[in-house]
Amino acid sequence: MSDKPANKYPVNLLDTPFPMRGDLAKREPGFLKQWQNGKIYQQLRQVAKEQNRPKFILHDGPPYANGDIHIGHAMNKVLKDIILKSKSLAGFDAPYVPGWDCHGMPIEHQIEKLVKSDKDAIKANPGIHARIVEYRKTNGLDEKETHLPSGFIRELCREYAAIQVERQKVDFIRLGVLGDWDNPYLTMNFKTEADIVRTLGKIHDNGYLVKGQKPVHWCVDCGSALAEAEVEYEDKVSAAIDVGFQVLDMAALSAAFGGVNVGDQAAFAVIWTTTPWTLPANQAVSVNPEFTYDLIATEKGLLILVRELAEAALKRYNIDANEVIAQAKGSALNGLLLQHPFINRQVPVICGEHVTAEAGTGLVHTAPAHGLEDYQVGLKYKLPVDNPVANDGRYISSTEFFAGETVWKANPKVVALLEERGALLANKKLEHSYPHCWRHKTPLIFRATTQWFIGMDKVVGCETLRDKANRAVDATEFFPAWGRARLEAMIKNSPDWCVSRQRTWGVPMTFFIHKETAELHPRSVELLEQVAQRIEKEGIEAWFKLDAAELLGAEAAHYEKLKDTIDVWFDSGSTHFAVLKQRAELNHGDDNRPAADLYLEGSDQHRGWFQSSLKTACATLGQAPYKQLLTHGFVVDGKGMKMSKSKGNVVSPQDVINKMGADMLRLWTASTDYSGEVSISDEILKRTTDSYRRVRNTLRFLLANLSDFSAADVLPVNQLLTLDRYALVELANFQKNLTSFYAKYEFHLGVQEIHRYCADELGAFYLDIIKDRLYTMAAESHGRRSAQTTLWYITQALVRLLSPILSFTAHEAWETLNNDGNVFVDQWLDIPAVQDAAALQTAFALVREVRANAQKDIELQRAAGALGSSLQAEITITAQGDAYHALASLGDELKFIMITSQAVLHEGEAAIAVAASSAEKCERCWHYHPTVGTIAAHPTLCVRCDSNLHGSGETRQHA
RNA sequence: GGGUCAGUAGCUCAGUUGGUUAGAGCACCGUGUUGAUAACGCGGGGGUCAUAGGUUCGAUUCCUAUCUGACCCA
């Protein structure tokens with residue numbers, strides 16, 4: 001440990017290969033190699049099996065296979081790893097199979113970008129782009145051709161996802177996360193794809209899959225639905241018209257406006273719209289319940305307008321003379337019946353929060369078939385979603401006035417008809433931002449289409465899926481507790497889950513639909529299993545290339561394959577079945593309990609994975625897939641602000657690892673209270689490094705002083721000195737505290753406990769005191785071996801206790817100790833019991849209080865210049881009662897506890913006196929002792945050192 | 001705009017039915033040691049407990065509002 005010349009009289013100074021500085025960034029990769037070469041994860045599984053340990057299943061929420069990992073991913077994986085390692089050390093069989101979410105829009109979008117020759121995309125994925133170029137060449141396509149077969153697109157998506165998975169995997173492994181990295185689960189694995197399909201089949205079999213209508217972006221030229229990313233917004237000029245809906249019941253109108261006399265004039269609720277063609281689908285007029293509405297008498301009748309916009313509206317209608325005869329809150333108008341301006345239909349006034357007072361009239365034309373907000377508010381009021389517009393953008397034959405017309409040509413005709421009916425109050429042109437198709441650059445329409453839903457309120461058996469989900473939430477344990485309220489609220493407000501998507505890269509909904517009735521084939525469950533078996537072998541492509549006749553025979557003439565894919569949230573939501581149930585190591589083997597013990601994800605997943613998993617599990621098994629849910633917050637910068645490239649406050653895990661090492665990132669993760677948002681910044685990481693050094697140096701001291709000691713030298717507990725037995729009691733106490741923090745997932749309190757133990761318990765107390773014995777007593781003396789026995793237990797326990805958090809450092813210490821095997825395969829140390837534990841704790845609490853006071857008094861003398869080191873002091877302690885007896889029990893060895901050259905005890909009123917020693921300082925042990933100078937052969941030594949070096953050595957009982 | 005959560009020393013965190021001068025570690029300052037030495041010991045300074053009201057004999061702790069931030073939704 002030191003390069004300085006040896007003392008004339010040797011002391012037991014030992015060295016250790018465990019360096020003061022970890023140099024983690026450089027050395028961790030080497031440790032990782034050892035874990036991989038030694039197949040530590042596999043070994044751990046084997047041992048767990050042999051020991052028949054109870055299982056603890058943490059199911060990994062699959063990150064999406066796109067883009068490099070960020071600090072949030074890193075934190076999430078580290079938390080999981082800490083939990084699993086601590087569970088394993090606590091005696092559980094805690095496997096970890098990492099997963100990835102591989103289907104879906106974002107990946108498909110990346111491929112689309114490559115197909116469209118986006119420069120950035122090509123730079124990032126040259127290989128896949130080369131395949132596209134090659135494909136065009138081989139198939140004689142134009143080099144700018146963007147219409148490529150969907151089978152080829154899926155192939156590219158699969159390849160892209162695989163590349164992303166490998167990139168992310170490397171970073172995750174580098175964090176020190178132990179898991180089955182060679183066999184992760186991917187939602188695009190053929191078997192998993194098949195099991196996702198089976199999950200859907202089971203839900204259908206259980207009766208929860210229902211067909212419905214929902215508006216989507218629709219391109220008339222494509223003849224298909226578009227995803228949000230395929231929509232481009234461009235300016236467009238539209239007709240903006242004001243339309244009066246006549247009030248049917250004048251008495252109700254009067255009542256709504258506080259009983260005002262409404263006379264015999266006709267009254268109109270006035271709406272404003274930029275899409276006249278949607279009026280045939282009108283089912284309601286929405287008002288904002290909080291707004292105030294005016295009832296205004298004009299020459300065109302009584303008009304209802306929101307107060308803020310009334311003046312502008314009247315101006316638009318060229319109405320000068322008017323009088324506000326009454327006002328009412330929007331909520332008062334709820335339920336008022338109106339006459340549709342040209343169709344024989346009565347429509348209600350309804351309340352919706354989506355109504356604003358920014359433009360128009362404050363009353364909104366509501367056509368559930370043509371707008372998402374309209375659709376959603378329509379769900380609340382159970383309005384029909386009748387859609388009069390067909391795939392080709394033309395009105396269906398039953399549409400009054402406009403049958404067969406395209407919606408764009410119908411626009412002016414609708415306006416003309418309104419004019420004719422006297423319902424048109426204004427007709428202006430408006431330039432506004434409007435959705436367009438990214439391929440055709442033509443305006444899109446919102447159009448209700450047939451979609452498939454998992455029904456939340458359909459009664460199956462005697463209860464709904466919502467009922468089941470509620471019960472499942474009740475049965476779940478939440479960390480922190482507020483997660484329950486959040487998930488409950490989600491379930492309460494969640495509409496039917498629309499699981500169908502019109503996408504290319506997704507698991508297909510493998511159903512056959514009757515061409516006429518659009519009903520599912522009666523043998524759907526059986527057919528679906530046949531399809532699933534094909535998917536197991538060939539992946540989802542098996543469905544897309546399947547000829548219906550292969551399964552249906554002659555019936556195929558009447559059926560077609562459903563073209564929809566499944567919402568990607570369903571993929572990950574099915575993994576409790578598609579992964580946990582399918583892999584023996586992740587299967588509890590008991591269907592009566594939730595599949596997993598724990599799901600652990602960011603708080604955004606209440607709406608995401610926590611919920612999708614809950615719904616699929618309830619719809620298939622009637623229970624939650626997890627026993628416990630643990631949520632962590634998002635990572636923000638030091639000021640609590642979200643990280644963003646533009647702000648320049650992004651901390652990347654790769655940077656932290658390359659500069660400081662993964663253990664620092666792990667320690668940061670463990671130190672923080674993750675239940676809220678989590679801060680990271682240079683200063684925070686700097687502090688993390690500081691606290692790491694404290695722990696590391698403690699380990700270094702321990703390891704150095706054990707370097708001439710091994711398990712064979714361990715003494716039985718009843719032969720240990722008093723102080724050492726007390727240290728064992730405190731060690732057991734520390735282990736109990738820390739393992740309890742691990743069990744409660746309260747790692748930040750655990751880190752504080754680790755720190756308290758290393759700094760207060762060891763650094764400032766126990767280790768400081770036993771240095772005298774370690775250094776000055778004979779190497780193999782009982783007093784020294786007693787201390788080393790204690791250090792051995794402390795180190796063995798500490799290494800294990802640190803390993804879930806400081807995995808690399810613990811591994812390094814484990815090797816330095818020459819321990820067999822691997823720390824992660826071990827369990828918490830069995831710390832030997834101490835018979836007089838309670839008495840020791842009581843006594844030492846008193847002793848330490850006196851010691852603290854003595855240190856203050858010594859400090860006063862030091863400040864006054866009377867002495868330097870505390871060994872230069874001689875103290876006289878006066879105490880009474882229990883304190884006196886506690887101190888007295890240490891006899892002559894009290895001075896070692898106090899680290900003074902002399903400590904005299906008297907019984908009496910509590911007091912401490914400190915004086916500088918008048919004796920000489922022993923060159924070797926640094927104690928000031930009257931015997932220094934009395935030994936002729938060694939005039940600079942005290943008798944103690946002389947005996948330890950040349951005689952039989954001193955004896956210690958207590959300290 | 002709505003729902004949920006958070007806001008205690010420069011940093012990370014404690015604070016246990018509301019009860020005397022609000023704690024710890026790190027950082028900072030002073031100091032000792034030079035046998036954990038780019039380490040360790042001892043001592044010290046530092047907080048209007050986000051802000052403003054309210055309940056109470058008394059509130060960091062309970063209630064309300066506001067501000068700031070995060071997540072979800074609109």
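Quick note on labels: first sequence line is chain A, next is B, and so on, each numbered from 1.
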Undergrad: Rounded to whole angstrom units, what separation is found between the CG atom of A:Leu860 and the P atom of B:U31?
TA: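 Going from A:Leu860 (CG) to B:U31 (P), I get 16 Å.
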Undergrad: Considering every strand shown, what is the Watson-Crick or G-U wobble mate of B:G53 when both distances are under 3.5 Å?
TA: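 Checking every strand shown, B:G53 finds its partner in B:C63, with both distances under 3.5 Å.
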Undergrad: Strictly under 6.0 Å, is that where the ring centroids of A:Phe896 and A:His927 end up?
TA: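 Yes; A:His927 has its ring centre under 6.0 Å from that of A:Phe896.
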Undergrad: Using a distance-only criterion (donor-acceptor N/O pair, under 3.5 Å, no hydrogens), is the base of B:G32 paired with the side chain of A:Gln855?
TA: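 When only heavy-atom distances are counted, A:Gln855 does not reach the base of B:G32 through any donor-acceptor pair under 3.5 Å.
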Undergrad: Have A:Gln872 and A:Ser917 got a donor and an acceptor in their side chains that come within less than 3.5 Å?
TA: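 Distance-only check fails for A:Gln872 and A:Ser917.
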Undergrad: Whole-Å distance between B:U31 C1' and A:Asp857 CG?
TA: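 After rounding, the reported distance stands at 16 Å.
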Undergrad: Please report, rounded to the nearest Å, how far the C1' atom of B:A39 is from the CG atom of A:Asn705.
TA: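 Interatomic distance, CG of A:Asn705 to C1' of B:A39: 14 Å.
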Undergrad: Using Watson-Crick or G-U wobble geometry with both distances below 3.5 Å, tell me the partner of B:G43, or none.
TA: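 Check on B:G43: paired to B:C29, both distances under 3.5 Å.
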Undergrad: In this structure, how many angstroms lie between the P atom of B:G25 and the CD atom of A:Glu761, rounded?
TA: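 Roughly 13 Å, once rounded to whole Å.
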Undergrad: Looking at A:Phe709, I'd like to know if the NZ or CZ of A:Arg785 sits under 6.0 Å from its six-membered ring centre while staying within 45 degrees of the ring's axis.
TA: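 So A:Arg785 doesn't make the cation-pi contact.
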Undergrad: Rounded to whole angstrom units, what separation is found between the CD1 atom of A:Ile858 and the C1' atom of B:G41?
TA: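 Taking CD1 of A:Ile858 and C1' of B:G41, I get 11 Å after rounding.
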Undergrad: Heavy-atom contacts under 4.0 Å between residues 686-696 of chain A and RNA chain B, which residues?
TA: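 Under 4.0 Å from RNA chain B: A:Arg687, A:Asp690, A:Arg693, A:Arg694.
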Undergrad: Could you walk me through whether A:Asn470 and A:Glu488 pass side-chain hydrogen bond (donor to acceptor under 3.5 Å, both in side chains), step by step?
TA: CA-CA 7 Å; A:Asn470 279 328; A:Glu488 250 167 20; over 6 Å; no
Undergrad: Below 4.0 angstrom from OP1 or OP2 of B:A14, is there any side-chain N or O of A:His748?
TA: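 So the side-chain polar atoms of A:His748 do come within 4.0 Å of the phosphate oxygens OP1 or OP2 of B:A14, strictly under.
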Undergrad: Rounding to an integer number of Å, can you tell me how far A:Asp682 CG sits from B:C26 C1'?
TA: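 For the pair A:Asp682 CG and B:C26 C1', the rounded distance is 17 Å.
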Undergrad: Any strand is fair game: report the nucleotide pairing with B:C5 by Watson-Crick or G-U wobble, both distances under 3.5 Å, or none.
TA: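 Partner of B:C5: B:G69.
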Undergrad: Please state the P separation for the pair B:G10 and B:A65 - nearest whole angstrom.
TA: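 30 Å, rounded to whole Å.
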Undergrad: Go nucleotide by nucleotide along RNA chain B from the 5' end; which of A:Thr776 and A:Gln605 gets its closest nucleotide reached first?
TA: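 Nearest nucleotide further toward 5': that of A:Thr776.
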Undergrad: Do A:Arg696's NZ or CZ and the ring of A:Phe18 fall within the cation-pi criteria of under 6.0 Å and 45°?
TA: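 Satisfied, under 6.0 Å and within 45°.
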Undergrad: Could you tell me whether the phosphate oxygens of B:G44, OP1 or OP2, come under 4.0 Å of any side-chain nitrogen or oxygen in A:Lys856?
TA: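 A:Lys856 to B:G44 OP1/OP2: no side-chain N or O under 4.0 Å.
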Undergrad: Classify the ring geometry between A:Tyr626 and A:Tyr599 as parallel (under 30°), tilted (30 to 60°) or perpendicular (over 60°).
TA: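 Judged by the thresholds at 30° and 60°, the geometry between A:Tyr626 and A:Tyr599 is perpendicular.
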Undergrad: Between B:U4 and B:A39, how far apart are the C1' atoms? Round to whole Å, please.
TA: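 Here B:A39 and B:U4 have their C1' atoms 47 Å from each other.
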Undergrad: Ring centres under 6.0 Å, that's the criterion: do A:His938 and A:Tyr9 meet it?
TA: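 When the ring centroids of A:His938 and A:Tyr9 are compared, they turn out to be within the sub-6.0 Å range.
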Undergrad: Looking at A:Tyr757, does any N or O in its side chain come under 4.0 Å of the phosphate oxygens OP1/OP2 on B:G25?
TA: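 Result: no.
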Undergrad: How many whole angstroms separate atom CH2 of A:Trp926 from atom C1' of B:G41?
TA: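 Distance, rounded to whole Å: 12 Å.
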Undergrad: Suppose we define a pair by two distances each less than 3.5 Å, Watson-Crick or G-U wobble; what does B:A36 pair with here?
TA: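 Its partner is none (no Watson-Crick or G-U wobble pair with both distances under 3.5 Å).
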Undergrad: My understanding is that a pair needs two contacts under 3.5 Å, Watson-Crick or G-U wobble. By that rule, which nucleotide pairs with B:G23?
TA: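 Here B:G23 is engaged in a pair, and the nucleotide opposite it is B:C13.
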Undergrad: Check the distance between B:G3's P and A:Gln611's CD and give it to me in whole angstrom.
TA: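 Rounded to whole Å, this separation is 19 Å.
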Undergrad: For A:Ser870, what residues pass the side chain to side chain contact (heavy atoms under 4.5 Å, CB included) criterion, not counting sequence neighbours?
TA: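 With neighbours one apart ignored, the set is A:Ile858, A:Ile899.
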